[in-house]
Protein chains: 2
Amino acid sequence: MIQNIQIQLNEHLYIKDPMQSDLGKAMLEKSVELIYEIGFEEFTFKKLSIDIPTTEATIYRYFENKHRLLQYLTNWYWSAMTIEYKYLTNNIKIAEQAINTGISLMINPTKFMPQHPMLSIEKLFGIIIKESTKSYLTHTIEEDNILKIFKPYKDFCNVLASSFLVYAPKFPFAHSLASTCVESILHQCYFMQHLPSLTDCKNITGTKSLQTFIQHLIFNTLDKNK
Amino acid sequence: MIQNIQIQLNEHLYIKDPMQSDLGKAMLEKSVELIYEIGFEEFTFKKLSIDIPTTEATIYRYFENKHRLLQYLTNWYWSAMTIEYKYLTNNIKIAEQAINTGISLMINPTKFMPQHPMLSIEKLFGIIIKESTKSYLTHTIEEDNILKIFKPYKDFCNVLASSFLVYAPKFPFAHSLASTCVESILHQCYFMQHLPSLTDCKNITGTKSLQTFIQHLIFNTLDKNK
DNA sequence: GATTATTAATAGTAATACTATTATAAATAA
DNA sequence: TTATTTATAATAGTATTACTATTAATAATC
């Protein structure tokens with residue numbers, strides 16, 4: 001586990017860097033709690049300002065809108081996950097083992113990621129499961145992409161795809177499989193909680209069945225293409 | 001292709017059945033066009049009322065809110081898809097062939113689904129790709145689920161899962177694989193259009209590469225469990 | 001033709017998303 | 001030390017959104 005690493009994020013995500021002031025840090029901390037509790041649609045800067053406490057206008061001096069704040073949080077998450085994955089697989093020579101580590105990390109980020117003094121990884125994971133697709137399923141996707149807003153998410157998918165290619169160098173769909181796995185894990189977690197008939201995985205005993213399913217998906221697909 | 005089938009939808013989706021009046025039908029037709037054009041976040045009943053034309057309050061007499069209207073459209077889509085899948089695979093004895101039909105249908109609904117006098121399947125498919133997850137990633141998920149709002153989506157996943165089980169009766173993750181495939185196809189379509197580095201599939205030549213990827217995913221996973 | 005029921009429009013309100021301007025505090029220079 | 005600049009936050013707004021109570025108009029039935 002890595003500690004005390006300041007994650008440098010895309011400066012288009014904020015107007016004023018929230019990490020540079022106590023008030024900004026409070027915005028991040030409280031926004032994670034509030035979005036986790038009431039959901040992104042119900043979340044407003046007015047409500048956040050009451051929790052901090054500060055004024056609505058002050059939050060607007062840090063973030064363009066609530067959407068950018070969500071992108072800030074998802075960027076932080078995927079940046080941290082990429083660092084953690086690289087760290088965890090650093091001395092692993094066997095590709096299969098690296099991939100399994102990646103699956104475990106994605107399913108149980110709280111077990112692997114270091115505790116953060118400000119951001120609750122558990123709540124952040126909950127936000128990633130429920131809200132993260134809303135950060136790119138928007139009408140501003142093209143502009144945001146030009147600003148490199150989705151780079152951390154792409155980076156994570158890319159390091160995962162690279163591990164797939166070490167295991168099966170001729171596999172022609174490494175990137176598609178990586179993004180499918182990332183999204184599938186998040187979806188299956190959501191379905192386990194809220195729409196259990198859409199999954200065979202159970203929440204009990206540490207989500208071991210989800211791990212098995214994703215292993216099936218990845219290794220059976222890759223084995224035919226080794 | 002099936003034609004002239006009136007799809008009966010869950011009555012909790014609307015206050016007044018939009019299919020029972022010309023004004024209601026105009027709401028459905030114009031909402032598909034408008035959501036397709038400007039996206040669900042920018043879509044409001046006020047804007048829709050100008051397009052129809054009618055008043056905002058009148059639309060509220062048909063739908064509780066814009067969220068229910070989105071759920072109405074996604075329910076219509078998955079109901080129609082389930083009917084179409086059952087029709088297309090009706091006389092197919094070979095499970096592999098049925099599954100391949102399902103994949104084709106999901107990737108190219110416009111090729112298989114009958115033209116609809118009111119709803120543009122092409123635009124509706126675009127809405128499904130970009131907006132459909134927003135119909136269940138909400139804080140009202142539990143209440144909505146009790147009202148059986150997600151039944152058509154579950155039904156489609158279930159018929160797909162059933163085909164998987166005909167092909168590989170011992171496979172323990174048929175439902176997870178079905179929901180993963182459905183979501184993966186929609187995601188890969190979105191990534192092809194907007195974030196191509198997250199996929200290996202290309203939009204050109206009729207999305208054949210996506211078909212190949214999903215076939216890989218399904219059959220390699222199922223083959224090991226036959 | 002009168003009564004009842006259905007449906008749509010008018011006219012609102014509270015909350016949301018945002019911004020221009022002012023006030024306050026901190027940092028630096030004279 | 002005081003004056004000046006700079007950075008930061010609060011005040012006080014506005015336009016839009018989401019929604020509703022009430023009234024008006026139309027159609028159906030007695």
Side-chain angles (χ1 to χ4, degrees), chain A residues 11-31 34-35 37-73 131 134-135 137-140 143-144 149, chain B residues 11-31 34-35 37-73 131 134-135 137-140 143-144 149:
Chain A
E11 54 183 26
H12 292 110
L13 289 166
Y14 48 81
I15 296 165
K16 181 175 150 59
D17 187 351
M19 290 289 191
Q20 295 304 110
S21 73
D22 288 344
L23 195 61
K25 285 174 185 168
M27 288 176 198
L28 297 176
E29 182 178 2
K30 297 291 182 185
S31 67
L34 194 53
I35 295 173
E37 265 175 55
I38 65 174
F40 186 65
E41 272 72 40
E42 303 299 306
F43 171 81
T44 67
F45 279 179
K46 183 88 199 87
K47 289 174 187 169
L48 178 59
S49 73
I50 292 163
D51 282 8
I52 291 177
T54 182
T55 63
E56 203 189 350
T58 297
I59 303 172
Y60 275 103
R61 293 195 52 83
Y62 283 75
F63 297 99
E64 234 178 293
N65 49 49
K66 70 172 183 172
H67 199 251
R68 277 279 191 264
L69 173 52
L70 178 64
Q71 290 177 331
Y72 185 101
L73 296 176
E131 322 289 359
K134 295 167 192 167
S135 70
L137 292 173
T138 66
H139 69 302
T140 58
E143 299 96 292
D144 291 351
I149 299 289
Chain B
E11 55 182 27
H12 292 110
L13 290 166
Y14 49 80
I15 296 165
K16 180 175 151 59
D17 187 351
M19 291 288 192
Q20 294 306 109
S21 72
D22 288 345
L23 194 60
K25 284 176 186 169
M27 288 175 199
L28 298 176
E29 181 177 2
K30 297 291 182 183
S31 67
L34 194 53
I35 295 172
E37 265 174 53
I38 66 175
F40 186 64
E41 273 70 38
E42 304 299 308
F43 171 81
T44 68
F45 278 179
K46 184 88 197 88
K47 290 174 186 169
L48 178 59
S49 73
I50 293 163
D51 282 10
I52 290 177
T54 182
T55 63
E56 203 188 352
T58 298
I59 303 173
Y60 276 103
R61 294 195 52 84
Y62 282 76
F63 296 100
E64 235 178 293
N65 49 48
K66 69 172 184 173
H67 198 253
R68 277 280 191 265
L69 173 52
L70 178 64
Q71 289 176 333
Y72 186 101
L73 296 176
E131 321 290 358
K134 295 167 192 169
S135 71
L137 292 174
T138 67
H139 71 300
T140 57
E143 298 96 292
D144 290 351
I149 299 289

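The sequence lines fix the lettering, A, B, ..., with proteins before strands; numbering per chain opens at 1. Just so we're clear, the structure is a prediction, and the values are computed from it rather than from any experiment.
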Taking only heavy atoms on the protein side, list every residue of residues 15-26 of chain A lying under 4.0 Å from any atom of DNA chain C, sorted numerically.
none
So, using salt bridge (Lys or Arg N to Asp or Glu O under 4.0 Å) as the criterion, who are the partners of Glu29(B) when residues are at least two apart?
none
Check this for me, if you would: do Glu41(B) and Lys134(A) make a salt bridge, where the nitrogen-to-carboxylate-oxygen distance has to be below 4.0 angstrom?
no
Going 5' to 3' along DNA chain D, which nucleotides are the first and last within contact of chain A (any atom under 4.0 Å from a heavy atom)?
dT8(D) to dT11(D)
Glu64(B) meets the salt bridge (Lys or Arg N to Asp or Glu O under 4.0 Å) criterion, sequence neighbours left out, with Arg68(B)
Hey, which sits more toward the 5' end of DNA chain D by its nearest nucleotide, Met27(A) or Ala57(B)?
Met27(A)
A side-chain contact here means heavy atoms from C-beta on lying under 4.5 Å apart; do Met19(A) and Tyr72(A) qualify?
yes
When we call it a touch if two heavy atoms are under 4.0 Å apart, what does Tyr62(A) touch: a base, just sugar-phosphate, or nothing?
sugar-phosphate
Pairing residues for Glu37(A) by the salt bridge (Lys or Arg N to Asp or Glu O under 4.0 Å) criterion, not counting sequence neighbours
none
Please say whether the positively charged group of Lys66(A), taken as NZ for Lys or CZ for Arg, lies over the ring of Phe45(A), i.e. under 6.0 angstrom from the six-membered ring centre and within 45 degrees of the axis.
no
In short, side-chain hydrogen bond (donor to acceptor under 3.5 Å, both in side chains) pairs touching residues 14-26 of chain A with sequence neighbours left out are Ser21(A)-Tyr62(A)
Is there a donor-acceptor pair under 3.5 Å between the side chain of Thr140(A) and the backbone N or O of Glu143(A)?
no
Mind checking Lys46(A) for me? I need base, sugar-phosphate or nothing, with any heavy atom below 4.0 Å counting as a touch.
nothing
